[in-house]
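This report concerns only the one structure given below.
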Amino acid sequence: MARRVHIVGGGLSGLSAAVEVAGSGQHVIVHEAGPACGGRARSYEDKKLGCRIDNGNHLLLTANEAVFRYMGLIGALDTLQGPDEPIFPFVDLQKPCVWTLDLSMGRVPWWVFSPTRRVPGMRLGELLSLQRLIGASPDQVVSDCLLPGEFSRRLLDPFSIAALNTPSDEASAALLGHVINESLAKGGRACLPRFPKVGLSESLIDPALAHLSILKAEVRTGRRVTGIETTNGRVTALNFPDERIEIGEDDVVILAVTAPVAAGLLKEALPALVVPDEFEGIFNAHFRLERPPVPVGAFAKTRFVGVVGAVTEWIFLKDDILSVTVSAANRYADRDPEELGRQIWQEMRQAMDGLLAGPLPVEPPLQRLVWEKRATFAATPAQLRKRPGAATGLVNLALAGDWTATGLPATIDGSIRSGVAAVKALGLRGAMSD
């Protein structure tokens, strides 16, 4: 009888683990508590807007090797799009200015010597901030390493908040330094922006489910695990509201759920398990226009723009939908969402002036405001020390999730890496050994 690999959680971490081990002669079973897989990286039909939208905006870089490997395995690489140049348009609403960061393709950063390609108003001496971030100690926060100036205000601070989803005066400088080492430091070829042609589900979730179906893996939705039984240092059963599944001697379990859920399920079996317990929110505002706007300039190539000096941080255009993402949103927790949405719309009207062929209407069109209160763990030095590895004190159980010790923030790339790490921790045969 084939070994059964039970994967609890059908988000990207769980699907990554399933894709990694499926087709290797083992019986893969994914147990997803919700009605559909995908977690925070999925698309859904929004009745208010009358169309399909992503539940959040995600921008990938070609440096995200784990993502592209995963998408290659599920045959979804052709579902992404993006410019052929490492360009990133920005608008500053505080000190009005529009520019495009235009990175050099190779490792040598020639772009910093060109006033038309670099951050306006930056001084070359400010590049020392990058060196300080890369060499940061585990206890330093990002703001400790940022030299005052436009390079920090207009690029490094927004980049830090977007990547770590934590304010710069709280976020780990060492973690941001690691992100810079894996992206900007490798040159523009590693920083080509990529995003789904259609939606997150169409790129990351649906192809994975189709791939798993072909390989005879089972995906069971609406299956919430309520308890995990253990004996002599191994998992012996998974409990559901209406069923108990015994875990055989050769069977293994990958727990790919959120940090609080994992801690709750393992509190008796692994009382010493420590997981991140502080979280940051993300606020997304989706606006549907009467007709698709016409982007111009660099915005026409990228379909996204960074915004500085405003609540609005990133604007994404997809057909007739303009979406705004605000990271590290706990700082706005006392604000009324509707009032926040109105402010964001006015900021977007200002930011889009000159980036669209025509002006946006004064009043916001159909809108959907989504506030994820616990979107990611807070990427502080203290919380990073609470991230566990994939292996556990139970010989047949491993952990997966963007909150585990992936070396990355809570990102799509980190989620996918965690699934691969869980498979390796259990010594399973999978795509890594093909």
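Here the side chain of Ser43 pairs a donor or acceptor atom with the backbone of Ser201 at under 3.5 angstrom. Checked by atom type and distance alone, the side chain of Thr100 never pairs as donor or acceptor with a backbone atom of Phe88 at under 3.5 Å. Checked by atom type and distance alone, the side chain of Arg387 pairs as donor or acceptor with a backbone atom of Trp403 at under 3.5 Å. Although no hydrogens or angles enter the test, the distance criterion places no donor-acceptor pair under 3.5 Å between the side chain of Lys386 and the main chain of Asp277. Remark: side-chain polar atoms of Asp102 are not paired, donor with acceptor, to backbone N or O of Ile87 under 3.5 angstrom. Here the side chain of Asp251 pairs a donor or acceptor atom with the backbone of Arg4 at under 3.5 angstrom. With Trp345 contributing its side chain and Val362 its backbone, the two residues share a donor-acceptor pair below 3.5 Å.
One finds the CG atom of Leu360 at 9.0 Å from the CG atom of Asp353 (value rounded to the nearest 0.5 Å). For the atom pair OG of Ser129 and CD1 of Ile134, the computed distance is 11.0 Å after rounding to the nearest 0.5 Å. Note that CG of Leu80 and CG of Asp78 are 8.5 Å apart. Values are rounded to the nearest 0.5 Å. The SG atom of Cys97 sits 6.5 Å away from the CG atom of Asp92 when rounded to the nearest 0.5 Å. Taken from CG in Leu317 to CE in Met348, the straight-line distance is 9.5 Å, to the nearest 0.5 Å. Rounding to the nearest 0.5 Å gives a distance of 6.0 Å between CD1 of Ile180 and CG of Leu156.
Using cut-offs of 30° and 60° on the angle between ring planes, the pair Phe304 and Phe195 is perpendicular. Relative orientation of the Phe283 and Trp371 rings is perpendicular, given thresholds of 30° and 60° on the angle between their planes.
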Distance-only criterion, 3.5 Å: show the donor-acceptor pairs between side-chain atoms of residues 56-64 and protein atoms not counting sequence neighbours.
from  : atom 1 : to     : atom 2 : distance (Å)
Asn57 : ND2    : Thr325 : OG1    : 2.8
Thr62 : OG1    : Arg189 : O      : 2.6
Thr62 : OG1    : Ala190 : O      : 3.3
Thr62 : OG1    : Cys191 : N      : 3.4
Thr62 : OG1    : Leu192 : N      : 3.1
Asn64 : OD1    : Leu61  : N      : 2.8

Could you go through residues 210-220 and list every donor-acceptor pair under 3.5 Å that involves a side-chain atom there, pairing it with any protein atom two or more places apart or in another chain?
from   : atom 1 : to     : atom 2 : distance (Å)
His211 : ND1    : Leu73  : O      : 3.4
Glu218 : OE1    : Arg220 : NE     : 3.0
Glu218 : OE1    : Arg220 : NH2    : 2.9
Glu218 : OE2    : His27  : NE2    : 2.8
Glu218 : OE2    : Arg220 : NH2    : 3.4

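Looking at Glu150 and Lys95, a side-chain N of the basic residue comes within less than 4.0 Å of a carboxylate O on the acidic one, giving a salt bridge. Ionic pairing of Glu339 and Arg335 is present here: one or more N-O contacts between side-chain nitrogen and carboxylate oxygen are shorter than 4.0 angstrom. A salt bridge between Arg69 and Glu20 is present, with a side-chain N of the basic residue lying under 4.0 Å from a carboxylate O of the acidic one.
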Is there a side-chain contact (heavy atoms from CB on, under 4.5 Å) between Leu164 and Leu176? Walk through the geometry before answering. CA-CA 7 Å; Leu164 274 56; Leu176 183 61; 3.9 Å; yes
If you apply the rule side-chain contact (heavy atoms from CB on, under 4.5 Å), what do you find for Val308 with Phe90, and how did you get there? CA-CA 7 Å; Val308 180; Phe90 282 90; 4.2 Å; yes
Would you check, one step at a time, whether the test side-chain contact (heavy atoms from CB on, under 4.5 Å) holds for Leu270 with Leu394? CA-CA 8 Å; Leu270 297 174; Leu394 300 170; 4.1 Å; yes
Should Thr376 and Asn165 be marked as a side chain to side chain donor-acceptor pair (under 3.5 Å) after you check the CA-CA gap, both sets of side-chain angles, and the distance that decides it? CA-CA 7 Å; Thr376 70; Asn165 195 39; 2.9 Å; yes
From CA spacing to verdict: salt bridge (Lys or Arg N to Asp or Glu O under 4.0 Å), Arg331, Glu313: CA-CA 14 Å; Arg331 52 196 160 143; Glu313 292 176 349; 2.5 Å; yes
Working note: Glu278 + Arg374, criterion salt bridge (Lys or Arg N to Asp or Glu O under 4.0 Å); need CA distance, chi angles, decisive distance, verdict. CA-CA 8 Å; Glu278 293 181 5; Arg374 294 158 67 93; over 6 Å; no
Under the criterion side chain to side chain donor-acceptor pair (under 3.5 Å), I'd like the reasoning laid out for Asp157 against Ser168: C-alpha separation, chi angles, the key distance, then a yes or no. CA-CA 7 Å; Asp157 183 60; Ser168 295; 2.4 Å; yes
Could you walk me through whether Val19 and Ile416 pass side-chain contact (heavy atoms from CB on, under 4.5 Å), step by step? CA-CA 10 Å; Val19 166; Ile416 290 173; over 6 Å; no
Applying side chain to side chain donor-acceptor pair (under 3.5 Å), run through Asn55 and Glu372 and close with a yes or a no. CA-CA 10 Å; Asn55 67 337; Glu372 295 180 84; 5.0 Å; no
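Residue-environment remark: CZ (Arg244) exceeds the threshold of 12 foreign heavy atoms within 6.0 Å. No more than 12 heavy-atom neighbours from other residues, nucleotides or ligands sit within 6.0 angstrom of CD on Glu65. Surrounding NZ of Lys301 are at most 12 heavy atoms belonging to other residues, nucleotides or ligands under 6.0 Å away. Counting heavy-atom neighbours within 6.0 Å of Lys197 NZ, excluding the residue itself, gives a total above 12.
The closest side-chain donor-acceptor pair between Gln343 and Glu347 falls under 3.5 angstrom. Ser13 and Ser418 form a side-chain donor-acceptor contact under 3.5 Å, judged by distance and modelled atom types alone. No hydrogens or angles considered: nothing links the side chains of Thr406 and Thr404 as a donor-acceptor pair under 3.5 Å.
Here Asp320 pairs with Arg288 under the salt bridge (charged side-chain N to carboxylate O under 4.0 Å, His left out) rule; sequence neighbours left out. Scored by the salt bridge (charged side-chain N to carboxylate O under 4.0 Å, His left out) test, Asp46 finds Arg368 as partners (sequence neighbours excluded). For Glu182, the salt bridge (charged side-chain N to carboxylate O under 4.0 Å, His left out) partners two or more places apart in sequence, or in a different chain, are Arg417. With sequence neighbours excluded, the residues forming a salt bridge (charged side-chain N to carboxylate O under 4.0 Å, His left out) with Glu243 are Arg223, listed by chain and number.
Cys51 places a side-chain heavy atom less than 4.5 Å from the side chain of Ile321. Residues Val119 and Arg154 meet the side-chain proximity criterion, which asks for heavy atoms closer than 4.5 Å. No side-chain heavy atom of Phe316 sits less than 4.5 Å from a side-chain heavy atom of Val324. Using a 4.5 Å cut-off on side-chain heavy atoms (C-beta onward), Val225 and Phe240 make contact. Inter-residue side-chain proximity for Ile7 and Ile29 is flagged as unmet; no heavy-atom pair is nearer than 4.5 Å.
Taking the ring axis of Trp110 as reference, the NZ or CZ atom of Arg117 does not stay both within 45° of it and closer than 6.0 Å to the ring centre.
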